[in-house]
Amino acid sequence: METIVIGCDNAAVSLKNTLIALLESKGYQVENVGCDSKDDPTMYPAIAERLCKRIIDSGYEKRGVLVCGTGIGMAITANKFKGIRAAVGHDIFSAERSVLSNNCNVICFGERVIGPELAKRILSQWLELRFKDGPSTPKVENIIAIERENMK
């Protein structure tokens with residue numbers, strides 16, 4: 001089964017734990033890169049970096065889930081890594097399009113923005129999706145070209 005790397009900052013430990021339970025119940029291998037306590041002072045950029053490096057080291061075979069207060073900081077940080085396409089996915093349509101239109105490999109949630117049941121539903125749907133060659137392929141290729149030029 002596929003491996004999912006997951007991480008959060010101290011603002012989102014509860015939602016991360018809920019999503020880990022969901023992933024494990026679906027048979028996914030889970031790599032938890034922290035935080036595991038609301039008292040852990042590790043800032044979200046460090047967690048996003050750990051997660052992205054795990055995905056890169058896997059040859060992009062793994063996908064990731066990042067959770068913070070809003071999901072925004074995690075997405076911004078994750079997108080600083082070559083080959084990572086992260087999106088905040090607080091609704092099913094956006095999460096779906098993140099994969100089908102943009103070949104997203106990291107989904108981000110905000111514990112202060114989205115409830116656990118909706119997050120579980122969105123993540124379940126996101127996990128089932130795969131990017132397919134089609135009308136969005138030239139757009140993703142353009143993203144990769146821009147990334148190649150700007151991340152030397």
Side-chain angles (χ1 to χ4, degrees), residues 1-131 136 139-140 143-144 146-147 150-151:
M1 186 55 117
E2 181 181 8
T3 299
I4 304 297
V5 187
I6 189 168
C8 71
D9 67 1
N10 61 10
V13 174
S14 179
L15 183 55
K16 182 198 72 170
N17 290 337
T18 296
L19 297 176
I20 287 173
L22 171 77
L23 292 165
E24 290 175 342
S25 76
K26 292 181 172 291
Y28 288 92
Q29 295 292 322
V30 177
E31 288 183 23
N32 178 3
V33 296
C35 291
D36 294 316
S37 163
K38 292 181 186 273
D39 298 323
D40 185 333
T42 307
M43 291 185 262
Y44 67 78
I47 300 297
E49 180 179 26
R50 282 183 210 160
L51 181 136
C52 292
K53 286 182 175 180
R54 295 267 182 106
I55 292 171
I56 292 165
D57 290 347
S58 77
Y60 303 94
E61 292 296 316
K62 298 174 183 176
R63 291 190 287 167
V65 178
L66 287 168
V67 192
C68 63
T70 64
I72 297 166
M74 287 291 202
I76 290 169
T77 305
N79 282 312
K80 302 299 181 201
F81 291 85
K82 193 169 188 174
I84 300 297
R85 285 177 297 282
V88 176
H90 288 157
D91 65 86
I92 289 175
F93 183 75
S94 296
E96 175 186 279
R97 298 321 308 168
S98 77
V99 175
L100 298 179
S101 295
N102 302 112
N103 200 11
C104 175
N105 53 8
V106 175
I107 191 165
C108 304
F109 296 110
E111 183 170 310
R112 295 175 181 153
V113 178
I114 189 171
E117 292 307 312
L118 182 56
K120 290 185 333 188
R121 197 164 157 209
I122 292 168
L123 180 57
S124 293
Q125 176 122 3
W126 186 83
L127 291 165
E128 294 176 15
L129 300 170
R130 294 291 182 272
F131 181 77
S136 291
K139 297 169 194 165
V140 173
I143 292 170
I144 293 167
I146 290 167
E147 177 184 76
N150 289 305
M151 292 185 162

Between the SG atom in C68 and the CG atom in D9, the distance rounded to the nearest 0.5 Å is 5.5 Å

Could you go through residues 43-51 and list every donor-acceptor pair under 3.5 Å that involves a side-chain atom there, pairing it with any protein atom two or more places apart or in another chain?
| from | atom 1 | to | atom 2 | distance (Å) |
| --- | --- | --- | --- | --- |
| E49 | OE2 | K53 | NZ | 3.1 |
| R50 | NH1 | V33 | O | 2.7 |

Please assess E96 against L129 for the test side chain to side chain contact (heavy atoms under 4.5 Å, CB included), listing each intermediate value before the final yes or no.
-> CA-CA 7 Å; E96 175 186 279; L129 300 170; 3.9 Å; yes

Side-chain heavy atoms of K139 within contact of S101, under 4.5 Å = no

For the residue pair A119 and L15, what are the closest heavy atoms and their distance?
-> CB-CD1, 3.9 Å

Heavy-atom closest pair, residues C104 and W126 = O-CZ2, 3.9 Å

Are the side chains of N32 and K16 in touch, meaning some heavy atoms are under 4.5 Å apart?
-> yes

Rounded to the nearest 0.5 Å, the CD1 atom of I146 sits from the CE atom of M151 at a distance of 11.5 Å

Can you tell me if S58 uses its side chain to pair, donor with acceptor, with the backbone of E61 under 3.5 Å?
-> yes

Does V13 reach the side chain of D40, with side-chain heavy atoms less than 4.5 Å apart?
-> no

Can you measure from CG (L123) to OH (Y28) and round to the nearest 0.5 angstrom?
-> 8.0 Å

Smallest heavy-atom separation, G7 atom then M74 atom, equals O-CE, 4.3 Å

Quick one: closest heavy-atom pair of G64 and I55, and the distance?
-> N-CD1, 3.7 Å

I would like to know whether I122 and I114 meet side chain to side chain contact (heavy atoms under 4.5 Å, CB included); could you show each step before the answer?
-> CA-CA 10 Å; I122 292 168; I114 189 171; 3.6 Å; yes

Going from CG on D36 to SG on C8, what distance comes out if it is rounded to the nearest 0.5 angstrom?
-> 7.0 Å

Student check: side-chain heavy atoms of L127 and L23 closer than 4.5 Å | yes

Taking only residues two or more places apart in sequence, or in another chain, which ones meet R85 in a salt bridge (charged side-chain N to carboxylate O under 4.0 Å, His left out)?
-> none

Are the side chains of I72 and I76 in touch, meaning some heavy atoms are under 4.5 Å apart?
-> yes

Provide the closest heavy-atom pair for I107 versus A95 in the form atom of the first, atom of the second, distance.
-> CD1-CB, 3.9 Å

When rounded to the nearest 0.5 angstrom, what distance separates CG in L118 from CG in D91?
-> 8.0 Å

Counting distance only, does the side-chain N/O of N105 pair as donor-acceptor with the main-chain N or O of G83 below 3.5 Å?
-> yes

Going by heavy atoms in the side chains, are L100 and F131 under 4.5 Å from each other?
-> no

Do other residues, nucleotides or ligands put more than 12 heavy atoms under 6.0 Å from K38 NZ?
-> yes

Please report the closest heavy-atom contact between G69 and A11, naming both atoms and the distance.
-> N-CB, 4.0 Å

Salt bridge (charged side-chain N to carboxylate O under 4.0 Å, His left out) pairs touching residues 62-76, sequence neighbours excluded, are E2-R63, E31-K62

Point-to-point distance, once rounded to the nearest 0.5 Å, from CD1 of I6 to CD1 of I20 = 5.0 Å

pair H90-F109: side-chain heavy atoms closer than 4.5 Å = yes

